[in-house]
Engineer: 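Here it is, the structure, as structure tokens.
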There are 2 protein chains.
Amino acid sequence: MTTTREKLLDVAADLFYTQGFQSVGIDQIYGQVGITKTAFYKHFESKDDLIIAVLNRRDQRELEEWGNYIRIRGRDDSRRQLSAFFELLEEWFSKPDFRGCFFLNALTEFPNENDPINRAACAHGEHLASMMLRFAAAAGADDPAALTQQLMLLITGAISSRHRTGDLGAAKTATRVAHVLIETHCGRAALTAR
Amino acid sequence: MTTTREKLLDVAADLFYTQGFQSVGIDQIYGQVGITKTAFYKHFESKDDLIIAVLNRRDQRELEEWGNYIRIRGRDDSRRQLSAFFELLEEWFSKPDFRGCFFLNALTEFPNENDPINRAACAHGEHLASMMLRFAAAAGADDPAALTQQLMLLITGAISSRHRTGDLGAAKTATRVAHVLIETHCGRAALTAR
DNA sequence: GCTGGTGGTGTACCGCAAGTCAACCTGCGG
DNA sequence: CCGCAGGTTGACTTGCGGTACACCACCAGC
């Protein structure tokens with residue numbers, strides 16, 4: 001049994017992702033769930049409140065999913081774990097309903113840094129980066145923080161490129177570059193990041 | 001003497017960039033210029049029309065600026081020209097009013113591919129890529145299209161990273177990776193992209 | 001000297017979305 | 001039997017995008 005609140009979050013997440021946050025009216029959301037406006041406002045204080053809840057829930061779930069995927073695909077090899085991030089991108093990009101990164105999108109729709117929505121969206125990137133940092137450290141990178149920065153840049157770039165051009169090959173492009181970086185930073189005679 | 005239309009475009013470009021397209025009302029725009037709503041609608045058919053005009057003008061100007069910068073900084077050395085793209089990023093990122101890429105932002109605020117705003121925003125990326133492609137070809141890259149794809153991915157990633165984390169070092173990170181790629185693709189014994 | 005285009009003004013109005021308010025209904029556990 | 005969570009209806013306010021209509025001032029050309 002899914003509660004009404006859960007249903008609202010599901011519908012909202014879907015609409016927000018496909019159409020953007022600002023262009024979706026709450027009437028579409030509560031209408032699709034089958035309740036009235038007043039009922040909606042018993043679950044969420046405001047549209048912003050709903051957006052933040054959607055963002056936080058998706059942050060948690062996505063982090064879990066990514067973590068599981070990487071542990072499974074990466075086996076016990078830390079370097080494979082790092083490159084698993086990019087295999088995941090490939091799968092993601094091939095989905096027809098791909099519309100970029102939910103959190104990156106939120107960030108550009110709410111550019112004010114003091115906006116709680118902006119903060120919630122930023123948090124996801126930080127969570128993902130700190131997860132990657134652990135893998136990079138485990139892989140014996142000479143400078144795990146630098147490697148994480150570079151790989152995160154590649155991931156962000158791949159997502160934005162795929163989003164902009166619709167090019168499915170963006171993941172492969174990023175993967176190739178990532179392998180070079182991983183080899184360089186985790187090689188036996190690892191070079192400095194300069 | 002700047003025409004009213006030009007003033008409207010200037011004010012709109014500024015507000016849209018700093019606050020986003022949807023969250024800026026046209027009343028702010030015509031108010032700041034000092035005309036009334038009716039007068040505004042004698043210059044532009046709609047808000048969408050204004051947005052497209054702003055986008056197109058900025059596309060032209062930015063392309064010109066980038067082209068000039070690269071020709072000056074790159075001198076006659078094609079490889080230097082390619083890496084000048086990244087030097088430009090560094091300068092751009094250090095500006096306090098940096099808010100990401102205007103066109104990438106437009107794209108996420110108007111995700112519908114049939115939306116003329118979306119098309120106008122996409123166009124900029126294509127223009128930039130085709131400019132880069134010419135430089136890549138001139139630099140004697142083994143596969144100019146592939147190199148362009150990779151460098152564009154890096155640029156996009158750097159912009160988004162800087163936007164998300166506020167990290168000024170994103171440009172340097174991208175530059176380092178770019179140099180590796182340029183060397184690999186333009187080396188005397190150039191390897192294939194695979 | 002009248003005509004027309006350009007670039008304005010003011011006011012009133014429509015439709016839609018966010019959000020509020022008040023009054024009322026219903027099922028369920030303590 | 002009470003209270004509360006979750007729901008309903010309907011009327012209302014505010015703000016924004018956009019329209020309609022009537023009017024004004026200036027400058028250029030035949």
Side-chain angles (χ1 to χ4, degrees), chain A residues 1-55 57 105-106 108-112 114-118 120-121, chain B residues 1-55 57 105-106 108-112 114-118 120-121:
Chain A
M1 162 241 171
T2 45
T3 73
T4 307
R5 190 188 157 90
E6 286 296 308
K7 278 187 216 159
L8 285 169
L9 287 170
D10 286 339
V11 169
D14 197 53
L15 289 175
F16 286 152
Y17 185 57
T18 54
Q19 287 165 241
F21 296 91
Q22 314 213 59
S23 55
V24 171
I26 47 163
D27 53 340
Q28 286 176 70
I29 297 166
Y30 61 66
Q32 202 162 310
V33 170
I35 62 170
T36 58
K37 189 190 281 196
T38 322
F40 169 83
Y41 278 102
K42 295 221 167 130
H43 293 283
F44 298 97
E45 273 184 9
S46 61
K47 189 183 181 181
D48 284 15
D49 188 30
L50 170 68
I51 293 176
I52 292 169
V54 167
L55 247 27
R57 199 182 61 151
N105 295 350
T108 66
E109 280 203 57
F110 304 94
N112 184 342
N114 299 318
D115 191 326
I117 298 180
N118 188 290
Chain B
M1 162 238 173
T2 45
T3 73
T4 309
R5 191 187 155 92
E6 287 296 306
K7 278 188 215 158
L8 284 168
L9 287 170
D10 286 339
V11 170
D14 196 55
L15 289 174
F16 286 152
Y17 185 57
T18 55
Q19 286 165 241
F21 297 90
Q22 314 212 58
S23 55
V24 171
I26 47 164
D27 54 338
Q28 286 176 71
I29 297 166
Y30 63 66
Q32 201 162 310
V33 171
I35 62 170
T36 57
K37 189 190 279 196
T38 321
F40 168 83
Y41 278 101
K42 295 223 167 129
H43 293 281
F44 298 97
E45 273 184 10
S46 61
K47 188 182 183 182
D48 284 15
D49 188 31
L50 170 68
I51 293 176
I52 292 170
V54 167
L55 246 27
R57 198 182 61 151
N105 295 350
T108 66
E109 280 203 58
F110 304 93
N112 184 342
N114 299 319
D115 192 326
I117 298 179
N118 188 290

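Order of the sequence lines sets the chain letters (A, B, ...), proteins ahead of strands, with each chain counted from 1.
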Engineer: Please identify which of these residues, A:Ile26, A:Asp49, A:Ile51, meets the side-chain contact (heavy atoms from CB on, under 4.5 Å) condition with A:Phe44.
Structural biologist: A:Asp49

Engineer: Quick one: pull up NE2 in B:His43 and NZ in B:Lys7 and give me the separation to the nearest 0.5 Å.
Structural biologist: 9.5 Å

Engineer: According to a strict under-4.0 Å criterion, is A:His43 in side-chain N/O contact with OP1 or OP2 of D:dG7?
Structural biologist: yes

Engineer: Could you tell me how far apart B:Asp48 (CG) and D:dC16 (C1') are, to the nearest whole angstrom?
Structural biologist: 14 Å

Engineer: On DNA chain C, does the nearest nucleotide to A:Glu45 precede the nearest nucleotide to A:Asp27 from the 5' side, or the other way round? Give the residue.
Structural biologist: A:Asp27

Engineer: Does a side-chain N or O of A:Thr36 approach OP1 or OP2 of D:dT8 to a distance below 4.0 Å, or not?
Structural biologist: yes

Engineer: For A:Gln22 and D:dG15, what is the distance between atoms CD and C1' respectively, to the nearest whole Å?
Structural biologist: 14 Å

Engineer: Would you find more than 12 non-hydrogen atoms of other residues, nucleotides or ligands less than 6.0 Å from B:Glu45 atom CD?
Structural biologist: no

Engineer: Please give, in whole Å, the distance from D:dT9 P to A:Tyr30 OH?
Structural biologist: 12 Å

Engineer: Is any side-chain N or O of B:Thr4 closer than 4.0 Å to OP1 or OP2 of C:dG8?
Structural biologist: yes

Engineer: Rounding to an integer number of Å, can you tell me how far A:Lys42 NZ sits from C:dT26 P?
Structural biologist: 15 Å

Engineer: Parallel, tilted or perpendicular: which fits the ring planes of A:Phe21 and A:Phe110, with parallel below 30° and perpendicular above 60°?
Structural biologist: perpendicular

Engineer: NZ of B:Lys37 versus P of C:dC14: gap in Å, rounded?
Structural biologist: 14 Å

Engineer: Nearest-Å distance, CZ (B:Arg5) to P (C:dG8)?
Structural biologist: 12 Å

Engineer: Can you tell me how far P of C:dA17 sits from CD of A:Gln19, to the nearest Å?
Structural biologist: 12 Å

Engineer: Calculate, to the nearest 0.5 Å, the distance between atoms CZ and OG belonging to B:Phe40 and B:Ser46 respectively.
Structural biologist: 7.5 Å

Engineer: Looking only at N and O atoms, is any donor in the side chain of B:Thr38 or the base of C:dG10 less than 3.5 Å from an acceptor on the other one?
Structural biologist: yes

Engineer: What contact category does A:Val24 fall into here, base, sugar-phosphate, or nothing, at under 4.0 angstrom with non-hydrogen atoms?
Structural biologist: sugar-phosphate

Engineer: How many Å lie between CZ on A:Phe40 and P on C:dA18, as a whole number?
Structural biologist: 9 Å

Engineer: Between the base of D:dG18 and the side chain of B:Lys47, is there any donor-acceptor pair under 3.5 Å?
Structural biologist: no

